[in-house]
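Data block below; observations after.
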Amino acid sequence: METFSDEALKRTHHCGQLRSSDIDAEVRLAGWVRSYRDHGGVVFIDLRDREGITQVVFDPDVGGEEMHTLARAIRNEWVIAVKGKVRPRGEDRVNPKLDTGEIEVICDELNVLNRAQPVPFEPDEYHSTSEENRLKYRYIDLRRTEMTRALRLRHQICRVMRAALDEDGFVEVETPFLTKSTPEGARDFLVPSRMQDAAFYALPQSPQLFKQVLMVGGLDRYYQIVRCFRDEDLRADRQPEFTQLDIEMSFATEADVMDVTNRIMRSVCELSGKSFPDEVPVMSFAEAVRRFGSDRPDLRFGMELIDVSDIVKETDFGVFTGAIDAGGVVKCIVVPGGAEMTRKETDGLAEWARGFGAGGMAVTKVAEGGALETGIAKFMAPVAAGLIERTGARAGDLLCFGSDKTTIVNRVLGELRCKLARERGMIDPGAMEWLWVVDFPLVEWNEDENRWDSLHHPFTAPKVEDMDKLDSDPGSVRSRAYDIVCNGLEMGGGSIRIHNLDVQEQVFRLLGISHEEARAKFSFLLDALSYGAPPHGGIAFGLDRTAMMMIGAGSIRDVIAFPKTQRGVCPLTGAPSDVDHMQLTELNLRIMDEPHNQ
RNA sequence: GGGGCUGUAGCUCAAUUGGUUUAGAGUACCGGACUGUCGAUCCGGUGGUUGCGGGUUCGAAUCCCGUCAGCCUCGCCA
C-alpha cells in the first residue's frame with residue numbers, strides 16, 4: 001500500500017483552475033491520471049479531477065531521480081497527488097484543447113495515492129463502450145466529464161427548484177417510503193413486514209395521499225424532491241424508481257399551480273440555457289387530440305391532423321366510406337416534400353401503422369398542378385381539388401390518410417407525424433416548445449374491465465360546471481387536471497383535488513370502488529376530508545426527464561447515477577438477488593415456484 | 001408476453017458473405033528506446049470456448065433451431 005503524508009492531500013487548486021495568472025505559484029493538485037507520455041527523460045501526465053485537466057511535468061533535474069523513476073511507473077487511472085510550481089508552456093507549446101493549456105505544473109513532489117488495475121474502458125472522450133459496461137463499472141463511467149456534467153446539472157436543477165419554492169413559501173416535508181399499497185395504478189413494490197405476519201408495506205408510487213393529508217394538516221404549501229416506485233416494464237424514459245418534484249398547495253386554483261410551475265421551469269431553463277416562453281400556450285385535451293392526435297403534442301413541427309371525412313365520403317373508396325359509415329373518421333397529414341419517398345418507404349408506413357391497430361396507411365402524392373398520383377390517387381381523383389384546398393398541400397408533398405375509429409386514427413397519425421418529423425429532419429434540435437394541456441376527461445371507459453377508469457387519479461376534482469353529468473354522462477365530464485408538456489414529452493401533471501367527502505364518494509362510486517373498499521384502502525384520506533380539508537391542488541414533475549431534457553440526453557439513465565437495465569437489474573450491485581433462507585423464515589415467507597425464476 | 005436490432009482479445013472494431021487465417025487491427029497491458037509531449041512516437045511481446053447449447057456441412061465467427069444478455073418498442077406505466 002502506498003504511504004503519504006496528510007499534507008499531500010491538501011490541494012491548493014483543482015485541475016481545471018490554473019491559468020497564466022498563476023505562474024510561479026506553488027500548488028498542490030490531486031486526481032486521476034488520464035494519460036501519460038514518457039519521453040525517457042521527461043514525463044508528462046494529464047491529471048484529471050471533476051473540474052478539468054492539468055498537465056504535470058516530471059523532470060529528474062527538478063524532482064530528482066527517485067521521483068522520476070516513480071513517475072515513469074504511473075499508469076492510466078492511478079490516483080496521484082503532486083506538488084510543484086506553475087510555469088508557462090511557451091507559445092508553441094500551448095494546448096488549446098485544455099482550459100489550463102497555457103500552463104503546466106513542474107512537479108517537485110509526487111505521491112502515488114493509489115494504483116489502479118488496467119481499466120475495462122477508458123473514461124475519456126476518445127473511447128466509448130457499451131452501456132452495459134458503463135453501468136457495471138459506473139464508478140469509471142462517472143469520471144467522464146459528460147457524466148459529471150449531467151449529475152452536476154441535475155444537482156443545480158434541484159437547487160433552483162428548491163430556491164424558487166422556498167421563495168414562494170413552500171416547505172419541504174418527507175413522507176414515508178414504507179407505506180400502504182394502493183389499489184389502482186401501477187404495480188406496487190411490496191416489502192414484507194417482519195412484525196406483522198402476512199402483511200406488507202408498499203413503496204409509494206407517489207406521495208399523493210400524504211401531500212393531501214398535509215394540506216388538511218394546514219401545511220399550506222408543500223414540496224418534496226422524492227423517489228417514487230412503480231413495478232412496471234422499463235423504457236428509455238422510465239425506471240422502476242424515479243424522482244419527482246412533488247408540489248401541493250392549499251386555497252389554490254389551476255392558475256395558481258400553473259403560475260408556480262411556470263416560475264420553476266423558467267428558472268430551470270435559465271440555468272440550463274434553454275428557452276422558456278413568457279406565456280406558455282394552453283390547449284384543451286380535445287383540441288390536442290383533434291389537431292395532433294396526442295394529449296402531449298410535440299409542437300416543434302407542423303403536420304397537423306386534418307379531418308377530410310366530409311370530402312372523401314363522396315368517393316368510391318370503400319376503405320374510407322366504410323370507416324365513415326361505421327362511425328369513424330378519415331384524417332390526413334401533409335408531409336412536406338414527402339413525394340420523394342419511395343414505394344418501399346410508403347409501403348413500410350402501412351406495415352408500421354398496423355402495429356398501432358390500424359388497418360393500414362393510405363397515401364398519395366401531390367404532383368405539379370395539384371393532380372394526385374400513385375397510391376390511392378385514382379380513387380381520390382374526383383375530390384382532388386377539395387383535398388388540396390382543405391389540406392393546403394403543394395406539389396411534392398405526400399398525403400397520409402388514416403381511416404378507422406376516431407381514437408385509432410388519432411393515435412396512428414399522431415405517432416406518424418412524430419416519426420416522420422424525426423426521420424425527415426424536421427425538428428430544430430435547439431427548439432423547446434412548452435404547452436399546458438387542460439380540460440382532460442375525468443374518466444375513460446375501460447373496454448376490457450367494462451368500467452370507468454380515472455384518467456389522472458381518483459382524487460382529481462371534476463369541473464364544477466360538469467358535476468351534474470357525473471352520473472348521467474360520466475364520459476363527458478372534464479376534470480381540473482393539467483399537464484405540462486415539452487417537445488412531446490409529458491414533464492409534469494397535476495390537478496385540483498377533491499376536498500369534499502361527498503364528491504369523493506361520488507367519484508369512487510363512478511369508478512366502481514365500493515364504500516367498503518374505499519374505507520379499507522383510504523379511510524385515512526376520507527376521514528381527513530371530513531375534518532376540515534381546505535381546497536387544494538398540486539403537481540408533480542419527472543425530475544429525471546427534466547434533467548434529461550435540459551442536458552439533451554437520450555435516456556434518463558444518463559442523468560441517474562446508478563440506473564437499472566431493462567430487466568430491472570442493477571449491473572453494478574447485481575440486485576435483485578436471492579436472499580438467505582433465514583431472512584425468508586424470519587419474514588414467514590417461502591418461495592413457491594423455484595424453477596420459475598431460473 | 002409480442003416485435004425489432006446487437007453480441008468476435010480488457011475495450012473499439014475487421015474477417016472479401018461457407019473455404020490457406022494458426023480469427024486480424026487499433027487501443028489498453030508487459031518489455032525496450034527516446035528530455036517537450038499533449039489521444040506522444042518507434043521496436044518487440046502477452047492476450048480468443050467468436051455470448052452459451054444443439055444442428056446442417058468435407059469445412060461454421062458466417063447458415064438453421066434453441067437459449068442468455070443488452071438496447072429500442074408494443075402491451076403495461078391511475
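Quick note on labels: first sequence line is chain A, next is B, and so on, each numbered from 1.
A salt bridge links A:Glu248 with A:Arg497: at least one charged nitrogen is closer than 4.0 Å to a carboxylate oxygen. With salt bridges taken as basic N to acidic carboxylate O contacts below 4.0 Å, none links A:Lys419 and A:Glu415. A salt bridge does not link A:Glu490 to A:Arg296: none of the charged nitrogens lies less than 4.0 Å from a carboxylate oxygen. Salt bridge A:Glu351/A:Arg354: present, at least one basic N to carboxylate O contact under 4.0 Å. Of the charged side-chain nitrogens involved, none lies within less than 4.0 Å of a carboxylate oxygen, so that A:Arg238 and A:Glu232 do not count as a salt-bridged pair.
Closest contact between the side chain of A:Glu232 and the listed nucleotides B:C77, B:G39, B:U35 involves B:C77. Side-chain proximity of A:Ala236 to the nucleotides B:G70, B:U73, B:G36 is greatest for B:U73. Closest approach to the A:Glu132 side chain among B:C34, B:C74, B:A69 is made by B:A69 (side chain taken as heavy atoms from C-beta onward). For A:Arg557, taking side-chain heavy atoms from C-beta onward, the closest of the listed nucleotides B:C34, B:C72, B:G70 is B:C72. Nearest nucleotide to the A:Arg89 side chain, out of B:C77, B:U37, B:C29: B:U37. Of the candidate nucleotides B:G70, B:C29, B:A40, B:G70 has the atom nearest to the side chain of A:Val569. With B:C38, B:G70, B:G10 as the candidates, the nucleotide lying closest to the side chain of A:Pro120 is B:G10. For A:Val42, counting side-chain heavy atoms from C-beta on, the closest listed nucleotide (B:G1, B:U35, B:C71) is B:U35. Among B:G70, B:C77, B:U12, the nucleotide with an atom closest to any side-chain atom of A:Thr129 is B:U12. You'll find that the side chain of A:Arg72 is closest to B:C34, out of B:A28, B:C34, B:C72.
One donor-acceptor pair, N or O on each side, does fall under 3.5 Å between the base of B:C76 and the side chain of A:Arg238. For B:U37, the base has a donor-acceptor partner in the side chain of A:Gln55 [N/O atoms by modelled type, under 3.5 angstrom]. A donor-acceptor contact under 3.5 Å is formed by the side chain of A:Arg235 with the base of B:G75. Within 3.5 Å, no donor on the side chain of A:Arg75 pairs with an acceptor on the base of B:C30, nor the reverse.
With a glycosidic angle more than 90° from 0, B:U56 adopts the anti conformation.
Atoms CD (A:Gln117) and P (B:G47) sit 19 Å apart, rounded to a whole Å.
The base-pairing partner of B:C71, taking Watson-Crick or G-U wobble contacts with both distances under 3.5 Å, is B:G4. When both pairing distances are held under 3.5 Å, B:A9 makes no Watson-Crick or G-U pair with any nucleotide shown.
When heavy atoms are screened at a 4.0 angstrom cut-off, A:Arg87 is found touching base atoms of the nucleic acid.
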